[in-house]
Amino acid sequence: MKSYIWLQTVDGSIQQVEQEIAMFCPMICHEVIQKGMGSSKNYAISIPQQVNPAMLSLILEYCRFHQVPGRSNKERKSFDEKFIRMDTKRLCELTSAADSLQLKPLVDLTSRALARIIEGKAPEEIREIFHLPDDLTEEEKLEPLKNATDDPRIRLLNRLYAKKRKELKEREKLKNVEVDEELVDDRSVDDLLSFINGDDGDSKGIKTSKSKKKNRRRKDLLKSTSAHEATKNHNKESNGLNSVCRSAEVGQILPGVGATTNLQDVEDDIFPNKNEFDDGDIDDEIDPTLKEKIDRQR
């Protein structure tokens, strides 16, 4: 007559399992022998939380086949190959459940299957297969590997990692320099004080300071231009007055023709030229009848 033991899964469900099959798991065997558990529903053996009902049924199926004596290695191998034909997620769950029950043969079987899946894959692909988060920084990924056996391949890999770490540091330095250049503030003291006191914002302060500088430059340029023109006009006037004064002095020293000519020259400079008015222009203004009388008198 077969004996049974009681097992309780994490969801609270209790089921009766053949003792010979359940004892194939070292963890259950220890609970039965050392603690006397599993003899009734009230003393059901609590299964670890990693073992849900679906995983427990798979493990019991594996134990039921392998606990039967007299099976050939070929039969066992064929069974194992079919047994592990499942998706990666279920295979990982089965590995965790078998490990919690200390069922080493099944742990080795599922681990080899997982090793074949990730063989030759890049770290990014492995994370995608197992839905693992990428929580490592670039520097942590490039940490040197331990090389207790002085393997030349690991030495070469560590050299490559060191080179990449150096490049990463140089990129970080360049980024910091660019950030520092962007944060340069060319505002004046007045703009900074107004910003501190809660006036216009940062961008407005910078724009007003620049416009003020431009206005100051324009005012200075206009002032310098007007001053230059005023100086030129003043020099011209002073030169004209000096010439008049000199001519007057010459007239006092040398009276007569020289004075007359000098005064005439000054008069020509100051007053308009008399030759600009032609006789024809004057004659045009006389009445024709009056002109005839004048001609008769001549």
Exercise. Report the residues that fulfil salt bridge (Lys or Arg N to Asp or Glu O under 4.0 Å) with E31, sequence neighbours left out, ordered by chain and then residue number.
Key: K35
Self-check item: Residue pair I59 / L94, side-chain heavy-atom distance below 4.5 Å
Solution: yes
Quiz item: Do F24 and C29 come close enough that some side-chain heavy atom pair is under 4.5 Å?
Solution: no
Quiz item: Do the non-hydrogen side-chain atoms of N52 and D11 ever get within less than 4.5 Å of each other?
Solution: no
Quiz prompt | Under the side-chain contact (heavy atoms from CB on, under 4.5 Å) test, residues paired with N73 that sit two or more places apart | solution = R76
Self-check item: Q19 vs Y4, side chain to side chain contact (heavy atoms under 4.5 Å, CB included): CA-CA, chis, key distance, verdict
Solution: CA-CA 5 Å; Q19 185 175 355; Y4 295 88; 5.9 Å; no
Quiz item: Going through the checks in order, is the side chain to side chain contact (heavy atoms under 4.5 Å, CB included) test met by L103 and C63?
Solution: CA-CA 9 Å; L103 190 56; C63 294; 3.9 Å; yes
Quiz item: What residues, two or more places apart in sequence or in another chain, satisfy salt bridge (Lys or Arg N to Asp or Glu O under 4.0 Å) together with E81?
Solution: none
Quiz item: Is M27 reachable from I33 through a run of hydrophobic residues whose side-chain heavy atoms are each under 4.5 Å from the next?
Solution: yes
Quiz item: What pairs of residues pass the salt bridge (Lys or Arg N to Asp or Glu O under 4.0 Å) test when at least one of them lies in residues 58-74, not counting sequence neighbours?
Solution: none
Quiz item: Is there side-chain contact between Y43 and W6, with at least one heavy-atom pair below 4.5 Å?
Solution: no
Quiz item: Does any N or O in the side chain of S78 come within less than 3.5 Å of the main-chain N or O of E75, such that one atom is a donor and the other an acceptor?
Solution: no
Practice problem: Check whether any side-chain heavy atom of Q50 sits under 4.5 Å from a side-chain heavy atom of V10, and report yes or no. | Solution: no
Exercise. Spell out, as yes or no, whether a donor-acceptor pair under 3.5 Å connects the side chain of S13 to the backbone of T9.
Key: no
Practice problem: Report yes if some heavy atom in the side chain of Q8 is under 4.5 Å from a heavy atom in the side chain of I45; otherwise report no. | Solution: no
Exercise. Report, as yes or no, whether the 6.0 Å neighbourhood of atom CD on Q49 holds more than 12 heavy atoms from other residues, nucleotides or ligands.
Key: no
Quiz item: Going hydrophobic residue to hydrophobic residue with side-chain gaps under 4.5 angstrom, can you get from I5 over to I14?
Solution: no
Practice problem: Heavy atoms only: give me the nearest A97-M55 pair and the separation to one decimal. | Solution: CB-CB, 4.0 Å
Practice problem: Give me the ring orientation class for H66 and Y62: parallel if the planes are under 30° apart, tilted from 30 to 60°, perpendicular past 60°. | Solution: tilted
Quiz item: Pairs in or reaching into residues 85-102: which pass salt bridge (Lys or Arg N to Asp or Glu O under 4.0 Å), with residues at least two apart or in two chains?
Solution: none
Quiz item: Which heavy atom of G36 sits nearest a heavy atom of S39, and at what distance?
Solution: O-OG, 4.2 Å
Quiz item: When rounded to the nearest 0.5 angstrom, what is the spacing between OG1 in T88 and CD1 in I118?
Solution: 10.5 Å
Quiz item: Does anything in residues 106-121 pair up under salt bridge (Lys or Arg N to Asp or Glu O under 4.0 Å), and if so which pairs, sequence neighbours excluded?
Solution: K104-D108
Exercise. Treating Ile, Leu, Val, Met, Phe, Trp and Tyr as nodes and any side-chain heavy-atom pair under 4.5 angstrom as an edge, say whether M23 and V107 lie in one connected cluster.
Key: no
Quiz item: Looking at CG of L58 and OG1 of T110, how far apart are the two atoms once the value is rounded to the nearest 0.5 Å?
Solution: 11.5 Å
Quiz item: Are P144 and R165 side-chain neighbours, meaning at least one heavy-atom pair lies under 4.5 Å?
Solution: yes
Exercise. Decide whether N42 and S40 meet the rule of one side-chain donor and one side-chain acceptor closer than 3.5 Å.
Key: no
Quiz item: Can you tell me how far the NE2 atom of H30 sits from the SG atom of C25, to the nearest 0.5 Å?
Solution: 14.5 Å
Exercise. Give, for atom CD1 of I129 and atom CD of E124, the distance between the pair rounded to the nearest 0.5 Å.
Key: 11.5 Å
Quiz prompt | I21 side, atom CD1; F65 side, atom CZ - distance, nearest 0.5 Å | solution = 13.0 Å
Self-check item: Nearest-0.5 Å distance that lies between atom NZ in K163 and atom CD in E167
Solution: 6.0 Å
Practice problem: Indicate yes or no: at least one non-hydrogen side-chain atom of T95 is less than 4.5 angstrom from one of L106. | Solution: no
